[in-house]
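Any value given below was found using the heavy atoms of this structure, including those in side chains, with hydrogens, waters and symmetry copies removed. Letters A, B, ... mirror the listed sequences (proteins, then strands); counts begin at 1. Keep in mind the model is a prediction, meaning the values are calculated, not measured.
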Protein chains: 2
Amino acid sequence: MTAESILNLGEITTQNSYRCSKQRNLILDTLVESKKHLNAQELYELVRKKRPKISLGTVYRNLNLLQKLGLVNTIYHHGKKRYDGRLETHYHILCVNCDEMTDLEVDGLSDLGIQVDPKTRFRILENGLIFFGICPTCHIEL
Amino acid sequence: MTAESILNLGEITTQNSYRCSKQRNLILDTLVESKKHLNAQELYELVRKKRPKISLGTVYRNLNLLQKLGLVNTIYHHGKKRYDGRLETHYHILCVNCDEMTDLEVDGLSDLGIQVDPKTRFRILENGLIFFGICPTCHIEL
DNA sequence: GTCAATGCAAATCCTTTGCATTCGG
DNA sequence: CCGAATGCAAAGGATTTGCATTGAC
């Protein structure tokens, strides 16, 4: 998995005349492997364990570039950016109790655009859908 | 409509032992009448036309309170807060060309929670759905 | 060698907050 | 009158940016 993403990043950066720096590589790898929705600060703290001299600015700059290259997705959590290294279409749920954001696997929502399209004169490109609810863990605790 | 919202605000603030100040009133009224999704700065500039001494801090403080009282909704636009004085359930579309956010009237989406619920162990409370597309005006221009 | 990327710190943008004063009920 | 709300300015948090130096190709 690590090797894959390194390969992937190398190709894509070269194609776009960017470079595949150690930092950029590490940032992407760490995000993907975390399987979480980290903000820049959290990712910075993880990455720093392997490369203590890295700066927060570098993390921000790289996340912006990786987003532009389509290698990570940005999601907002209370108006703050978080990053998602998972690229397949999926949705998120925010637990209103513990505030954790989790991936949600749902079929049959990919035609949302189709549902909407005929009713408006908008050309729908994609949708951002976030659910608010109570996660299984908090169910039990409440 | 103005009278309505004043009445409404008066009742609700009293019930919650808040007060119905001239500023609070004006802020709510101006937002509702604009029928737009304004950010605090934009609303501040509108409100200042009628009450030049009002401060931006007051606009922020009141928007937060009005949100808590359920009289306005907060929506995020590129991670920044915008406020919506329309309270009925509706969705928004963000035009990726002109960046305008517009209300979207769609039936048959209110059962989104029901679609999702059986597939997960989450208890869905509500959803935040935003569409990204191209608005009729930009269609023509492109 | 060239130009992109880094580390660092300062700057920016949006939003919140502290405080003395004013106003609503 | 009492406590909530205001205006003002300063502070706060997240993100971006300028610049000299380093590193990738």
Next item on the list: Using heavy atoms to find the nearest nucleotide of DNA chain C for Y18(A) and Y83(B) separately, return the residue whose nucleotide is more 5′.
Entry: Y18(A)

Next item on the list: Give the rounded distance in Å between these two atoms: CD1 of I54(A) and C1' of dG23(D).
Entry: 14 Å

Margin query: Salt bridge or not between R86(A) and E88(A)? Use side-chain N to carboxylate O under 4.0 Å.
Written below: yes

Note to self: Side-chain N or O of S21(B) versus OP1/OP2 of dT6(D): is the shortest distance under 4.0 Å?
What the structure shows: yes

Checklist line | Atom-to-atom span, NZ of K68(B) to P of dT16(C) - whole angstrom | finding: 12 Å

Checklist line | Selection from dG7(C), dA4(D), dT15(D) that lies nearest to any side-chain heavy atom of R19(B) | finding: dA4(D)

Notebook entry, point to check: Can you tell me how far P of dC8(C) sits from CG of L56(A), to the nearest Å?
Noted result: 11 Å

Item checked: Whole-Å distance separating the CD atom of E42(A) from the P atom of dG13(D) -> 16 Å

Item checked: Any N62(A) side-chain N or O less than 4.0 Å from OP1/OP2 of dT6(C) -> yes

Check: Checking only heavy atoms, does the side chain of R61(B) share a donor-acceptor pair with the base of dG18(C) at less than 3.5 Å?
Finding: yes

Notebook entry, point to check: Looking only at side-chain N and O atoms, does K81(A) come under 4.0 Å of OP1 or OP2 in dT16(D)?
Noted result: yes

Notebook entry, point to check: Can you find a side-chain donor-acceptor pair between H78(A) and D99(A) that sits under 3.5 Å?
Noted result: yes

Margin query: Under 6.0 Å between ring centres: does that hold for H37(B) and H77(B)?
Written below: no

Margin query: Using heavy-atom distances to pick each residue's nearest nucleotide on DNA chain C, tell me which of G57(B) and R51(A) is more 5'.
Written below: R51(A)

Notebook entry, point to check: Taking the side chain of R24(B) as its heavy atoms from C-beta onward, which of dA24(D), dT6(D), dT6(C) lies nearest to it?
Noted result: dT6(D)

Next item on the list: Scan side-chain atoms only and decide if T58(B) and Q23(B) contain a donor-acceptor pair under the 3.5 Å cut-off.
Entry: no

Margin query: Does N39(B) reach a base, just sugar-phosphate, or nothing at all? Heavy atoms under 4.0 Å.
Written below: nothing

Margin query: Strictly below 4.0 Å: does Q23(B) bring a side-chain N or O up to OP1 or OP2 of dG7(D)?
Written below: yes

Item checked: Atom pair distance, as rounded to whole Å: NE2 in H78(B) and C1' in dA14(D) -> 17 Å

Check: Taking only N and O in the side chain of Y60(A), is any of them less than 4.0 Å away from OP1 or OP2 of dT15(D)?
Finding: yes

Notebook entry, point to check: Could you state the CZ-C1' distance from R48(B) to dC8(D), rounded to the nearest angstrom?
Noted result: 13 Å

Note to self: Using OP1 and OP2 only, check whether a side-chain N or O of K22(B) sits under 4.0 Å from dG24(C).
What the structure shows: yes

Item checked: Chi angles and distances behind the side chain to side chain contact (heavy atoms under 4.5 Å, CB included) call for L69(A), Y18(A) -> CA-CA 10 Å; L69(A) 295 175; Y18(A) 293 112; 4.1 Å; yes

Check: Nearest of dT6(D), dG3(D), dG25(C) to any side-chain atom of T58(B)?
Finding: dT6(D)

Notebook entry, point to check: Do N39(B) and E42(B) come within less than 4.5 Å of each other through their side chains, counting heavy atoms only?
Noted result: yes

Checklist line | Nucleotide dT22(C), atom P - distance to NZ of K53(B) in whole Å | finding: 11 Å

Checklist line | Atom-to-atom span, OH of Y44(A) to P of dT15(D) - whole angstrom | finding: 15 Å

